[in-house]
Q: 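There's a structure below that I have some questions on.
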Amino acid sequence: MIHVTLPDGAVKVLPSGSTPMDVAMSISEGLARNVISAKVNETTVETTTPITTDAKVTLFTFDNEDGKKAFWHSSAHILAQALEKLYPGVKLTIGPAIENGFYYDVDSPTPIREEDFKKIEDTFLECAREKADFIMRSVSKTDALAKYKSEGNEYKIELIENLNDGEITFCDHSNFTDLCRGGHIPNTGIVKAFKVMNVAGAYWRADQTKNQLTRVYGISFPKQKMLDEYLDLLEQAKQRDHRKIGKELELFTFSNKVGQGLPMWLPKGAMLRERLEQLLKKAQLKAGYLPVITPHIGAKDLYVTSGHYEKYGADSFQPILTPHEGETFLLKPMNCPHHCEIYKSTPRSYKDLPIRFAEFGTVYRYEQSGELHGLTRVRSFTQDDAHLFCRPDQVEDEFKKVIDLVLYVFKALGFENYTAQISLRDPENKTKYIGSDENWIKAERAIVKAANEKGLKTVVELGEAAFYGPKLDFMVKDALGRSWQLGTIQVDYNLPERFELEYKGNDNEMHRPVMIHRAPFGSMERFVAVLIEHCAGKFPLWLTPEQVAILPISEKYNENAEKLLNLLNNYEIRGFVDDRNEKIGRKIRDTELKKVPFMLVLGEKEVENNTVSVRKHGEGDMGTFKIEEFANIINEEIKKNLVNN
RNA sequence: GCCGAUGUAGCUCAGUGGUAGAGCACUUCCUUGGUAAGGAAGAGGUCACGGGUUCAAGUCCCGUCAUUGGCUCCA
């Protein structure tokens, strides 16, 4: 007999050789029906893998992350089987589970196209319906290599060559075999619904110099209904796409005549952005930041000093020349060098520190053309940048204050769900970074300590640091549960050294300050894009381009409507009059579609009684109010969703 | 930058080798209304751009540009 310990601490005594499925059976039949994968101690196994010693066992259903992973990993096998059937001569490479579904990278002699998706889906489901068991077996390295040599599959051969003899396993189901580490659901029949999401090119081993493969993306579920719900979610995401809403709400535009990836803010978008900037400017003023303004270009040497030129020069916008020989400027890709020079414009004393220079600085980066995307990835964007120059003993405290500022911004804009990513150096590849080991260690320690003391939920990523220092990045989850990287805070010991920044200490000696780079929004473009998708274009009242629409019942009341608008403007409420020759139903419909929060219907009754009939977006008629009453309602609501501190 | 898809009116899209279309938006007129589309008329296009095939190209082929889904990159 063996003792099996479950995650809740319960212990089951079962015959040796019992499987995770037996464990599930011993708990309940319902659980047994839904169990699709299991972990024995720390290893993911099949539900049919015998357990022969005392062990900790965790059972997974599709509702667990691990269960989903096993489900989608297994689905990748079925996809591979279907692709082999449909595309003779196809070479399989790898097919992992991903966050939403799975993919399989193949080298296919015939192209796989969108019109083939239906065919692939049908074949996949045929294979799934065979209810073939997934069976793991060990193979010797020689045998494994022999199989793929006979198939001429150089990719699998490369994979196997990196494995040790004795740890190579194949997974069989039906007549299909694949090299595989394991972690499957019991049989193919559990997969009831499948959809090919996309095909795309992907490099073998993510290496641009290697062969380009075809990546087939798919997603599968144990129930058709779950697939339908997932597709519905995608449809919602599409409806929230900031590119679509940005156009509909007239927030921003692009023009080929201006250039790729160069966004232009339309009046409504520009005003919205200004409101966001004001929010932060006010908070920064309170927090002791000092505004600075710097040019959009800088002498090339500035960036040679900072190290940006060496690192990114070749892939950036090319230098700007002047009528004078040998004089070159660069569009600024970063604000920090300028801010360093401002720091240096006068001698600094330890008593002056910390000095916090803030600027909404527009920067230019030549992003790869294939990477451009709406407002989230552009070639000119404005950072809500600031650089804090402090004494080493101030770093931690300053860092924590910046965290507070970032969280204030998130809270004000309704991003409740976020995690902090600590991005450190890649210890394997230190040459990517500038600066001394000692400084890196100091900077990394400072970040980890500050994040911990602030009680942030953190994940650590090695190799994600900026080339001059480690970062704390804030990842927010939007209303649909998608993750976005927004604010960033970075500790930097390197640029102060490169720019030879100094201050005089109380010992009358010169010392080097530490820099903190930070941007709570990140970039205004990206932030607005994420905000649009988060709130589906229904911005918080204080931020929205138009708070009220005044809808006269007929043209007779247009003049009263204009007067009302003026009155509301005095209460700092903004809006517009819909003075079109249309019926009230039509005006309401159009205003609803524009997502204007409040509609004021104005007709004979209202004009006589000096009232407005209020209608709220998405909710309908709220009744009749005195104008002052309405002004109070709206101002109360603004306060409610704009945190004050 | 690489692989795939797409590019027709301001917007969303139809048009599969034979005279360039629809809905919405826009303009004018009628209508002056009470909580999600009132009616009529009109205007609007070098079918992304450049070549080619053809008696004939929005449609087929090649190239360029842009958009887009991925990959790689991201100070």
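None of the values given here were measured: they were computed from a predicted structure. Every chain is numbered from 1, with letters handed out A, B, ... down the list of sequences.
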Q: Mark up nucleotides 7-12 of chain B, 5' to 3', with B wherever a protein heavy atom is under 4.0 angstrom from a base atom, S wherever such an atom reaches only the sugar-phosphate, and - elsewhere.
A: -----S

Q: Using both distances under 3.5 Å as the test, list the Watson-Crick or G-U wobble partner of A41(B), or none.
A: U27(B)

Q: Would you mind checking if Glu637(A) and Lys616(A) are paired as a salt bridge, meaning a charged N to carboxylate O distance below 4.0 Å?
A: yes

Q: OP1 or OP2 of G69(B) less than 4.0 angstrom from a side-chain nitrogen or oxygen of Arg243(A), does that happen here?
A: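 Answer is yes, contact under 4.0 Å.
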
Q: In the structure shown, which nucleotide is the Watson-Crick or G-U wobble counterpart of U32(B), with both distances under 3.5 Å?
A: none

Q: For Gln260(A), report the nucleic acid contact type (base, sugar-phosphate, nothing); a contact means any heavy atom under 4.0 Å.
A: sugar-phosphate

Q: Given the structure, check if the side chain of Arg205(A) and the base of C71(B) hold any donor-acceptor pair shorter than 3.5 Å.
A: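 In this structure, the two groups form no donor-acceptor pair.
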
Q: Using a cut-off of strictly less than 4.0 Å, decide whether Tyr366(A) has a side-chain nitrogen or oxygen near OP1 or OP2 of A75(B).
A: no

Q: Under 4.0 Å between any heavy atoms, over every strand shown, what does Gly585(A) touch: base, sugar-phosphate, or nothing? Just pick one.
A: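 Here Gly585(A) touches the backbone only, sparing every base.
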
Q: Watson-Crick or G-U wobble partner for U6(B), using a 3.5 Å limit on both distances?
A: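 Its partner is A66(B) (Watson-Crick or G-U wobble, both distances under 3.5 Å).
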
Q: For Tyr366(A), is the NZ or CZ atom of Arg379(A) found under 6.0 angstrom from the centre of its six-membered ring and inside 45 degrees of the ring axis?
A: yes

Q: Heavy atoms only, 4.0 Å cut-off, all strands: where does Ala200(A) land among base, sugar-phosphate and nothing?
A: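 The answer is base, as Ala200(A) lies within the cut-off (heavy atoms under 4.0 Å) of a base atom.
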
Q: I'd like to check, for Phe467(A), whether its ring lies over the base of A75(B) with centroids under 5.5 Å apart and a plane angle smaller than 30°.
A: no

Q: Work out how far the C1' atom of G38(B) is from that of U32(B), and round it to whole angstrom.
A: 11 Å

Q: Given C73(B), G33(B), A75(B), identify the nucleotide with an atom nearest to the side chain of Ser554(A).
A: G33(B)

Q: Heavy atoms under 4.0 Å, any strand shown: does Ser613(A) hit a base, just sugar-phosphate, or nothing?
A: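 If one applies the 4.0 Å heavy-atom cut-off, Ser613(A) turns out to touch a base.
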
Q: If you measure from the C1' atom in A48(B) to the same atom in U59(B), how many Å do you get, rounded?
A: 16 Å

Q: Check whether any side-chain N or O of His373(A) sits under 4.0 Å from OP1 or OP2 of U67(B), and answer yes or no.
A: no

Q: Sticking with atom C1', work out how far C11(B) lies from U53(B), rounded to a whole angstrom.
A: 35 Å

Q: Let's see if you can work this out: which of U35(B), C71(B), A75(B) has an atom nearest to the side-chain heavy atoms of Ala466(A)?
A: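 The closest nucleotide is A75(B).
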
Q: Please tell me whether His387(A) and Asn335(A) have a donor and an acceptor in their side chains that are separated by less than 3.5 angstrom.
A: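 Short answer, no.
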
Q: Using atom C1' in both nucleotides, what's the gap between A9(B) and A43(B) to the nearest angstrom?
A: 11 Å

Q: So does Asp241(A) pair up with Arg243(A), basic N to acidic O under 4.0 Å?
A: yes

Q: Any donor and acceptor pair, going by atom type alone, linking the side chain of Gln318(A) with main-chain N or O of Ser316(A) inside 3.5 Å?
A: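 At least one qualifying donor-acceptor pair exists.
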
Q: Evaluate the side-chain proximity of Val601(A) to Tyr557(A): yes if any heavy-atom separation is below 4.5 Å, no if none is.
A: no

Q: In whole Å, I'd like the distance from the CD atom of Glu606(A) to the C1' atom of U35(B).
A: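 Value for this atom pair: 11 Å.
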
Q: Which value, in whole Å, describes the distance between the C1' atoms of nucleotides A37(B) and C47(B)?
A: 30 Å

Q: What does C60(B) pair with, Watson-Crick or G-U, if both distances are under 3.5 Å?
A: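 Across all strands, the one nucleotide that pairs with C60(B) is G52(B).
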
Q: Could you tell me whether the side chain of Ile489(A) reaches within less than 4.5 Å of the side chain of Phe474(A), counting heavy atoms only?
A: yes

Q: Should U46(B) form a Watson-Crick or G-U wobble pair with both distances under 3.5 Å, which nucleotide is its partner?
A: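 With both distances under 3.5 Å required, U46(B) matches none.
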
Q: Within the structure shown, what part of the strands sits under 4.0 Å from Phe254(A) by heavy-atom distance: base, sugar-phosphate, or nothing?
A: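 No contact.
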
Q: Report which part of the nucleic acid Asn256(A) touches: base, sugar-phosphate, or nothing (heavy-atom distance under 4.0 Å, all strands).
A: sugar-phosphate

Q: Give a yes/no answer on whether the side chain of Gln368(A) brings an N or O atom under 4.0 Å of OP1 or OP2 in C73(B).
A: no

Q: Is the side chain of Lys432(A) donor-acceptor paired with the backbone N or O of Ala465(A) at a distance under 3.5 Å, no angle test?
A: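 Judged by distance alone, no pair lies under 3.5 Å.
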
Q: Just checking Ile553(A): base, sugar-phosphate only, or nothing, at a heavy-atom cut-off of under 4.0 Å?
A: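 Base contact.
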
Q: Under 4.0 Å: is that the gap between some side-chain N or O of Lys583(A) and OP1 or OP2 of A36(B)?
A: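 Answer is no, no contact under 4.0 Å.
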
Q: Considering only the C1' atoms, how many Å lie between C71(B) and G15(B), rounded to the nearest integer?
A: 35 Å

Q: G7(B) and G33(B): how far apart are their P atoms, nearest whole angstrom?
A: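 Result for the P pair: 48 Å, nearest Å.
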
Q: Using the C1' atom in both, what is the distance from C24(B) to G44(B), to the nearest Å?
A: 14 Å

Q: Would Arg240(A) and Asp478(A) pass as an ion pair if we require N to O under 4.0 Å?
A: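 Result for this pair is no, no salt bridge flagged.
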
Q: What's Arg615(A) touching, base or sugar-phosphate or nothing? Going by heavy atoms closer than 4.0 Å.
A: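 Base contact.
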
Q: Under 4.0 Å between a side-chain N/O of Tyr203(A) and OP1 or OP2 of C71(B), yes or no?
A: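 No.
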
Q: Looking at U16(B), which nucleotide sits across from it as a Watson-Crick or G-U wobble partner, both distances under 3.5 angstrom, or is there none?
A: none

Q: Can you tell me which nucleotide in U35(B), C30(B), G70(B) comes closest to the side chain of Asn581(A)?
A: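 Selected nucleotide: C30(B).
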
